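The next block holds one structure in the form of structure tokens; read it before the comments.
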Amino acid sequence: MLFTPEYVFRDVTHITPEFLAQKGIRALVLDVDNTITGDRSQELAPEVEQWLQTMRDAGIALTILSNGTKERVRPFAESIGLKWVSRSAKPLPFGMCVARRRTGVKRSQMAMVGDQLFTDRMAAALYGIPAFVVIPRGEDLNRFVQVKRKWEKPFWLKYYKKGGKTL
């Protein structure tokens, strides 16, 4: 099940501290584009800003893990006060190792949050942690991502055919 989602959320803001506590999760590794903000955006929606604060208040460690460049990721992450890893080479799990060290938790206590099955979901699977896949926050501006979305469709169908729900 490298590509089939484990959990799907309507939006990152639907992930709650209570849900994380039930799963033993104390840290989230967050993708950026179309996960916590729109594709290529440096703006954070107020509801996501509030969600980040709710997570912090609940003691959830947060780190950004992105395949984006340092020039893209650093200003965004620093503007919202998060640690970050750029050019993470997802789906390879190397960036996950860095993110885990930065959060200071055991591997079993962290989860990946992202919008793509072939990067975020697969990276989590290869690293041995759960993936919380979110419906993209906006339009994909990258042509390669647009193509990957088409390749993802059979795995989305498999998730829903097995009784998967959007939380």
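For the single chain, residues carry numbers from 1 onward in sequence order. Because only heavy atoms are used, hydrogens play no part in the values below, and waters and symmetry mates are left out as well, while side chains stay in. Because the structure is a prediction, the values reported are computed rather than measured.
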Taking every heavy atom of S88 against every heavy atom of N67, the minimum-distance pair comes out as OG-OD1, 2.9 Å
Short N-O contact, D31 and R121, less than 4.0 angstrom:
no
CD1 of I135 to CH2 of W156, rounded to nearest 0.5 Å, is 4.5 Å
So CD1 of I15 and CD1 of I25: to nearest 0.5 Å the spacing works out to 10.5 Å
Minimal heavy-atom distance between M112 and A124, with the atoms involved, is CB-CB, 3.8 Å
Closest non-hydrogen contact found for L52 with L44 is CD1-CD2, 3.6 Å
The residue among Y160, Y159, Y7 that forms side chain to side chain donor-acceptor pair (under 3.5 Å) with T166 is Y160
Is it the case that one hydrophobic cluster holds both V113 and L117, taking links as side-chain heavy atoms less than 4.5 Å apart, direct or via other members?
no
Discussion item. Ignoring hydrogens and geometry beyond distance, is a side-chain donor-acceptor pair present between Q146 and R149 at under 3.5 Å?
Written reply: no
The reported gap from CG in L30 to OG1 in T37 (rounded to nearest 0.5 angstrom) is 12.0 Å
(message) Does any part of the side chain of C97, heavy atoms only, come nearer than 4.5 Å to the side chain of Y127, both counted from C-beta?
(response) yes
For P91 and L126 the tightest heavy-atom approach is O-CD1, 3.4 Å
Is the backbone of D115 close enough, under 3.5 Å, to the side chain of D120 for a donor and an acceptor to pair up by distance?
yes
- Task: Kindly indicate whether the side chain of V8, heavy atoms from C-beta on, has any atom under 4.5 Å from the side chain of K165.
- Result: no
Between the CG atom in L28 and the OG1 atom in T35, the distance rounded to the nearest 0.5 Å is 12.0 Å
Does any non-hydrogen side-chain atom of D33 lie less than 4.5 Å from one of V145? no
Review point. Should F118 and F155 count as side-chain neighbours, where that means a heavy-atom distance under 4.5 Å?
Key: yes
- Message: Check this for me: does any side-chain nitrogen of one of E47 and R137 sit under 4.0 Å from a carboxylate oxygen of the other?
- Response: yes
The reported gap from CD in E152 to OG1 in T4 (rounded to nearest 0.5 angstrom) is 11.0 Å
- Same cluster or not: are L82 and M96 linked, directly or through other Ile, Leu, Val, Met, Phe, Trp or Tyr residues, by side-chain heavy atoms under 4.5 angstrom apart? no
Exercise. Determine, using the 4.5 Å side-chain heavy-atom cutoff (strictly less than), whether V105 and L65 are members of one ILVMFWY cluster.
Key: yes
Heavy atoms of T103 and R100 approach each other most closely as OG1-O, 2.9 Å
Taken to the nearest 0.5 Å, the spacing of W51 CH2 from L62 CG works out to 6.0 Å
Cluster check L20, V134: I/L/V/M/F/W/Y, side chain < 4.5 angstrom
yes
_A side-chain contact here means heavy atoms from C-beta on lying under 4.5 Å apart; do K23 and P130 qualify?_
no
